[in-house]
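Indexing begins at 1, ligand by ligand and atom by atom, following the structure's order.
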Amino acid sequence: MQANTLKERLDAIYDRIAAAASTSGREVADVHLIAVSKTFPEEAIVAASALGQRAFGENKVQELVRKTNALGRGTEANPLEWHHIGHLQRNKAKDIVGRVDLLHALDSHRLGQELQKRLAAADSYLDCLIQVNVSGEYSKFGIDPAALDAFVDTLSDYDRLRIRGLMTLASPAEDPEQVRPEMAHLRCLSEGIADRCTGQQPLLSMGMSGDFEVAISEGATHVRIGSAIFGSR
Ligand SMILES: *Cc1c(COP(=O)(O)O)cnc(C)c1O
């Protein structure tokens with residue numbers, strides 16, 4: 001069955017998220033959909049927003065700046081939330097200050113240091129997730145699981161960064177069940193750093209178009225879905 005309109009695709013994703021949450025005994029309100037709008041025009045974001053979608057994910061700073069300049073925080077009826085979901089180059093850190101609600105991929109000490117400096121200058125704070133590489137060689141970025149504890153410790157002086165949880169990019173797989181161990185691993189790691197996170201429970205950003213149901217059953221609080229909503233890139 002091919003759903004054709006944006007509304008049909010978005011509704012289908014909401015339904016699948018609700019079903020996955022319910023199957024695993026979770027509240028659907030605890031699973032946030034980030035509609036990954038990278039490469040798609042602003043009109044696509046406006047259209048999804050009009051259908052009630054609030055959170056959008058971008059992975060290129062220049063594109064994020066362009067879209068946030070154009071759309072801002074949305075309207076009172078349809079507010080917008082912005083997520084930076086991919087690797088962030090250190091020299092672009094300054095450009096995201098004041099623009100994003102959640103940074104998903106804090107992946108180096110030097111990036112943390114630069115963000116701290118820029119946030120302090122702007123008298124601002126930033127909610128961040130630490131990207132962890134639980135997939136081995138597939139991902140170029142992310143903290144090694146064995147180094148996570150020490151990494152969190154190195155951030156403890158950076159009072160402008162609020163560490164909220166973890167994020168990962170799972171390996172690409174034909175069968176989403178194949179990545180379940182990676183997602184379970186991320187959840188387990190998040191429990192280990194829970195006492196150093198801001199908020200009641202660590203957030204877990206994992207799951208994309210091909211594997212978000214497995215991610216939800218393993219505890220994802222944020223799923224990042226692009227192509228299943230907006231089409232192939
Ligand atoms: C593009 C992207 C996604 C969305 O991927 P889809 O397969 O299109 O759902 C999720 N997370 C990150 C970090 C991405 O860059």
I need the contact type for K38 against ligand 1. Using non-hydrogen atoms and a strict under-4.0 Å cut-off, is it side chain, backbone, both or neither?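 The answer is the side chain.
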Would E42 and R66 count as a salt bridge (Lys or Arg N to Asp or Glu O under 4.0 Å) here? Give the steps. CA-CA 9 Å; E42 278 129 38; R66 193 187 76 225; 3.1 Å; yes
Using a 3.5 Å cut-off on N or O atoms only, is I225 in polar contact with ligand 1?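 Checking ligand 1 against I225, no N or O pair falls under 3.5 Å apart.
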Single hit among R73, E58, R99 for side chain to side chain donor-acceptor pair (under 3.5 Å) with T68: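 By the side chain to side chain donor-acceptor pair (under 3.5 Å) criterion, T68 pairs with just one of R73, E58, R99: R99.
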Which heavy-atom pair separates I45 from L71 by the least distance, and what is that distance?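 Closest approach of I45 to L71: CG2-CD1, 3.7 Å.
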What is the minimum heavy-atom distance between V100 and L64, and which atoms define it?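 Scanning both residues completely, I find the closest heavy atoms to be CG1-CD2, 3.5 Å.
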Take atom NZ in K60; do more than 12 heavy atoms of anything else shown fall under 6.0 Å from it?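 No, the 6.0 Å shell around NZ holds no more than 12 heavy atoms from other groups.
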What atoms of ligand 1 come within less than 4.0 Å of a heavy atom belonging to [X]?
{"X": "R224", "answer": "4 (C), 9 (O), 10 (C), 11 (N), 12 (C), 13 (C)"}
{"X": "R233", "answer": "1 (C), 5 (O), 6 (P), 8 (O)"}
{"X": "N59", "answer": "15 (O)"}
{"X": "G226", "answer": "4 (C), 6 (P), 8 (O), 9 (O)"}

Atom 12 (C) of ligand 1 [closest protein heavy-atom partner, distance rounded to 0.1 Å]: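 Checked against all protein heavy atoms, atom 12 (C) of ligand 1 sits closest to I85 CD1, 3.5 Å.
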In the protein, what heavy atom is nearest to atom 10 (C) of ligand 1, and what distance, to one decimal place, separates them?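 Looking only at protein heavy atoms, the one closest to atom 10 (C) of ligand 1 is M208 SD, 3.2 Å.
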Under a 3.5 Å cutoff, is there a donor and acceptor pairing between the side chains of T39 and R233?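 No donor-acceptor contact under 3.5 Å links the two side chains.
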Do H83 and H104 have side-chain atoms, one donor and one acceptor, less than 3.5 Å apart?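 Checked: H83/H104 side chains pair up, N/O donor to acceptor below 3.5 Å.
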Quick one: which of S209, S205, P172 has a heavy atom closest to atom 6 (P) of ligand 1?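 Among S209, S205, P172, the closest heavy atom to atom 6 (P) of ligand 1 belongs to S209.
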Counting heavy atoms only, name the option from S227, S232, A170 that's nearest to atom 8 (O) of ligand 1.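 Of the listed residues, S227 has the closest heavy atom.
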